[in-house]
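Sequential numbering from 1 along the given sequence is applied to the chain's residues.
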Amino acid sequence: MSGLDPRLSKAVTAHSLVATAISVVHSLRTRGLRHTLLFALSGTLIPVLAELVAVNVLKVVRHHARPQVGGVPLAIALLWYNVGYGTVAMVMGTSNPHKERTAFVPTVALAATSFDLLLDPFGMDLGLWEWSGDGPYAPEIKGPNGNGGIPLLNFAGWIALTTSVALAYQRLESAQNDAYASGPGDGGGPASQRAAALLLLSYYLPAVAWALKRERRKYLLYSAPFATTLWAALKGRSAAS
C-alpha cells in the first residue's frame with residue numbers, strides 16, 4: 001500500500017485538472033477546435049501508452065497518486081499533456097517553427113526533458129512514484145520503497161516521447177497551414193507564449209522551491225534549458241521579431 005498522503009494526492013490531481021482546463025482553453029483560442037483535439041490526442045495517448053508499458057510490462061515504475069487506470073494516475077496522464085503542450089507553445093515564442101523546422105523538434109525535446117531532470121527527483125521525494133531498482137541519476141533521492149536514484153531509461157523515454165509529440169505538432173501545424181493561409185495555427189503571438197509559460201510555472205515553481213529548501217540546487221542547473229525557454233517566453237522574445 002502507498003504511504004502517500006491522500007490530501008497530497010487530491011491536490012496534485014486537482015492541480016492537473018485545472019492546468020489541463022487552462023491548456024485546452026488556451027489551445028482553442030490560439031489553434032482552433034480540430035487542432036486542439038488532434039494535438040490533445042497525440043500529446044496524451046502516446047505518453048500514456050508508454051506509461052502503461054513501463055508500469056505493467058516492464059514494471060520499472062510504480063505510481064501512488066489516485067485515481068488510477070491501469071496503474072497510471074490521472075494526474076500523470078494530464079501532466080504529459082500539459083508539459084508537452086506548454087513546452088511546444090513556449091518554444092514557438094523563442095523560435096520560428098516555419099523557418100527553423102530542423103531545430104524546433106529537438107528544442108522542444110531538450111527543454112521538456114531538462115524539466116524532468118528537476119521534476120522527477122521532486123516527485124519521487126514527495127512519494128508520488130518509485131522506481132523498481134536503484135538508478136544512477138539523483139541516487140541520494142529515495143522513493144517510498146527505499147530505492148534511490150532514477151534510471152537513465154526514464155530520460156531516454158522523455159526524449160523519445162517529447163520528440164514524438166513535437167513531430168505530431170509540426171504535422172498538425174503544416175496541415176492546418178495548408179488549409180488556411182492565416183489563422184489559429186500561428187500560436188497567437190508573444191501574449192499567447194507568455195500564457196503558456198505561466199501555465200508551466202505552476203509545475204516549475206513548486207519544484208524550484210523543493211530544490212532550494214532541500215539544498216538540491218544542482219537540479220536547478222540541470223533544468224536550465226527549460227528555465228531559459230520559460231524565461232524567454234515570459235519576456236515575449238521571438239526569433240521572428
First locate atom [atom1] of [X], then atom [atom2] of [Y], and finally report the distance between them rounded to the nearest 0.5 Å.
X      : Y      : atom1 : atom2 : result
Leu41  : Ile46  : CG    : CD1   : 8.5 Å
Arg194 : Leu201 : CZ    : CG    : 13.0 Å
Leu200 : Ser23  : CG    : OG    : 7.5 Å
Asn154 : Asp120 : CG    : CG    : 4.5 Å
Ser27  : Tyr85  : OG    : OH    : 4.0 Å
Thr228 : Met90  : OG1   : CE    : 10.5 Å

Side-chain contact, heavy-atom cut-off 4.5 Å: [X] with [Y]?
X      : Y      : value
His35  : Tyr169 : yes
Thr113 : Thr162 : yes
Thr13  : Arg66  : no
Tyr81  : Thr44  : yes
Pro151 : Trp131 : yes
Leu4   : Pro144 : no
Thr87  : Val165 : no
Trp80  : Val72  : no

For the residue pair Tyr222 and Tyr219, categorise the inter-ring angle as parallel (less than 30°), tilted (30 to 60°) or perpendicular (more than 60°).
perpendicular

Apart from Val18 itself, what residues make up its hydrophobic cluster when side-chain heavy atoms of I, L, V, M, F, W and Y under 4.5 Å apart count as a link, directly or indirectly?
Ile22, Leu199

Could you identify which residues cluster with Ile159, counting Ile, Leu, Val, Met, Phe, Trp and Tyr as linked when any side-chain heavy atoms lie under 4.5 Å apart, either directly or through a chain of such contacts?
none

Check [X] against [Y] and note the closest heavy-atom contact, atom names and distance.
X      : Y      : value
Leu152 : Pro136 : CG-CG, 3.7 Å
Ala111 : Ser114 : O-OG, 2.8 Å
Ala109 : Thr163 : CB-OG1, 3.4 Å
Ala77  : Val48  : CB-CG2, 3.6 Å

Measure from the side-chain N and O atoms of [X] to the backbone N and O of [Y], and report whether any donor-acceptor pair falls under 3.5 Å.
X      : Y      : result
Asn147 : Ser132 : yes
Asn56  : Gly70  : yes
Lys213 : Trp210 : no

With sequence neighbours excluded, residues passing side chain to side chain contact (heavy atoms under 4.5 Å, CB included) with [X]:
X      : value
Pro73  : His63, Ala65, Gln68, Ile76
Val208 : Leu118, Tyr204, Leu212, Leu220
Ala195 : His26
Leu126 : Leu8, Phe122, Leu128

So if you build clusters from Ile, Leu, Val, Met, Phe, Trp, Tyr with side-chain heavy-atom gaps below 4.5 Å, do [X] and [Y] land together?
X      : Y      : value
Leu58  : Val69  : no
Val53  : Val60  : yes
Leu74  : Tyr203 : no
Ile150 : Val61  : yes
Leu198 : Leu230 : yes

Side chain to side chain donor-acceptor pair (under 3.5 Å) with Ser16: which residues, sequence neighbours excluded?
none

Quick one: list whatever passes salt bridge (charged side-chain N to carboxylate O under 4.0 Å, His left out) with [X], sequence neighbours left out.
X      : result
Arg214 : Asp125
Glu215 : none
Glu51  : none
Lys142 : none

With side chain to side chain contact (heavy atoms under 4.5 Å, CB included) as the test, would you mind laying out the steps for Asp116 and Phe226 before giving the verdict?
CA-CA 9 Å; Asp116 193 55; Phe226 176 82; over 6 Å; no

Under the ring pair (Phe, Tyr, Trp, His ring centres under 6.0 Å) rule, collect the residues that match up with Phe155, sequence neighbours excluded.
Tyr137

